[in-house]
Amino acid sequence: MPTTSLLRLSALAGVICGVSIALGGLSELLAGDKTTASGYLNGLSPAFGLAFLAGLYLAQRQDLGRYGAVAFMLNYIGLALFAGAAYARNFVLVHMEKAEVESLLSGSHKLPFIGAALLTLAGTVLFGVAMYRAGVVPRPASALFVIGFAPVCLGFVLPAVVNRSGHMVAGTGIIWLALALWSMHVREPAYA
């Protein structure tokens, strides 16, 4: 498959991810609470986000350097763990009684959720800074990516309205980055 086709598939995954995150946040903001629709949107969006993140890195890897490679890996691993937590939260924990969930997450079982969120936050900030510095994608989109994901990752300590607004900002940044990725012209490697 040509590199451009692969990057366009990644960009499409990014648009799906960004729209899902933004609509999930908007749905919860308007309803004042989680909805079935927001659960599906937020529960599935990280899977598309992983495909998007890989293409986003590959398209600008030469300009990102070593720092960008390490930042990408932290972001990717964090998002993979965050995807598992989002899946559990939106498809498993919602079907349990509130007391059961509180009991389950009161002890050390909460640590993997917090660890995934903090690793995702660190990776997002570092990768966003690397993209901002490289200037391959629009810098404001990189900033929205970071600014939006900070409250999403810290949703366990922030008010719901801040978390939901973060979803909309992050979704907007991802859509913008995905559209930039779609329009990139990447040189095909020369094969001997």
Side-chain angles (χ1 to χ4, degrees), residues 7 10-11 13-26 28 38 41-61 63-90 110-181:
L7 294 181
S10 180
V15 170
I16 293 168
C17 175
V19 168
S20 296
I21 290 171
L23 287 179
L26 181 62
E28 290 181 9
S38 72
L41 292 167
N42 291 330
L44 295 174
S45 65
F48 292 100
L50 288 167
F52 168 63
L53 201 58
L56 189 61
Y57 170 72
L58 289 173
Q60 46 185 335
R61 68 186 178 276
D63 296 292
L64 292 173
R66 280 191 190 141
Y67 168 81
V70 171
F72 160 73
M73 285 307 299
L74 285 174
N75 198 181
Y76 192 86
I77 292 168
L79 184 58
L81 294 170
F82 197 76
Y87 188 89
R89 183 175 184 201
N90 289 288
K110 189 175 190 173
L111 294 178
F113 287 89
I114 294 171
L118 294 177
L119 184 58
T120 304
L121 176 61
T124 300
V125 169
L126 294 173
F127 189 53
V129 167
M131 289 190 297
Y132 192 91
R133 286 175 40 191
V136 176
V137 294
R139 286 188 167 112
S142 299
L144 289 176
F145 174 72
V146 172
I147 292 166
F149 264 109
V152 171
C153 293
L154 297 174
F156 59 92
V157 294
L158 295 174
V161 68
V162 175
N163 177 273
R164 293 167 182 154
S165 299
H167 276 80
M168 293 185 301
V169 173
T172 302
I174 290 170
I175 293 166
W176 193 350
L177 290 169
L179 293 174
L181 179 60

Problem - Those residues that, when tested against Phe156, pass ring pair (Phe, Tyr, Trp, His ring centres under 6.0 Å) (two or more places apart) - result: none
Completion exercise
Applying side-chain contact (heavy atoms from CB on, under 4.5 Å) to Val136 and not counting sequence neighbours gives Gln60, Asp63, Ala134, Met184
Practice task
Please collect all side chain to side chain donor-acceptor pair (under 3.5 Å) contacts where either partner lies in residues 71-90, sequence neighbours excluded, each pair once.
Solution key: Asn75-Thr124
Practice task
With sequence neighbours excluded, tell me which residues meet side-chain contact (heavy atoms from CB on, under 4.5 Å) with Ser38.
Solution key: Ser27, Glu28, Lys34, Thr35, Asn42
Exercise for the section: Could you pull out all residues at least two apart from Tyr132 that satisfy ring pair (Phe, Tyr, Trp, His ring centres under 6.0 Å)? Expected result: none
Practice task
For Val162, check side-chain contact (heavy atoms from CB on, under 4.5 Å) against everything at least two apart and list the hits.
Solution key: Pro151, Leu158, Pro159
Practice task
Sequence neighbours left out, what pairs pass side chain to side chain donor-acceptor pair (under 3.5 Å) with at least one residue falling in residues 135-155?
Solution key: none
Expected list for residues 110-122: side-chain donor-acceptor pairs under 3.5 angstrom, two or more places apart:
unit_1, atom_1, unit_2, atom_2, d
Thr120, OG1, Gly78, O, 2.7
Thr120, OG1, Ala116, O, 2.7

Practice task
Tell me, please, which residues at least two apart from Phe145 pass ring pair (Phe, Tyr, Trp, His ring centres under 6.0 Å).
Solution key: Phe149
All N/O donor-acceptor pairs, side-chain side in residues 165-173, below 3.5 Å, sequence neighbours left out:
unit_1, atom_1, unit_2, atom_2, d
Ser165, OG, Val161, O, 2.8
His167, ND1, Asn163, O, 2.9
His167, ND1, Asn163, OD1, 3.3
Thr172, OG1, Met168, O, 2.8

Problem - Check: Ala71 main-chain N/O paired with Tyr57 side-chain donor or acceptor under 3.5 Å - result: no
Practice task
Could you note down all residue pairs passing side chain to side chain donor-acceptor pair (under 3.5 Å) where residues 46-56 supplies at least one of them, sequence neighbours left out?
Solution key: none
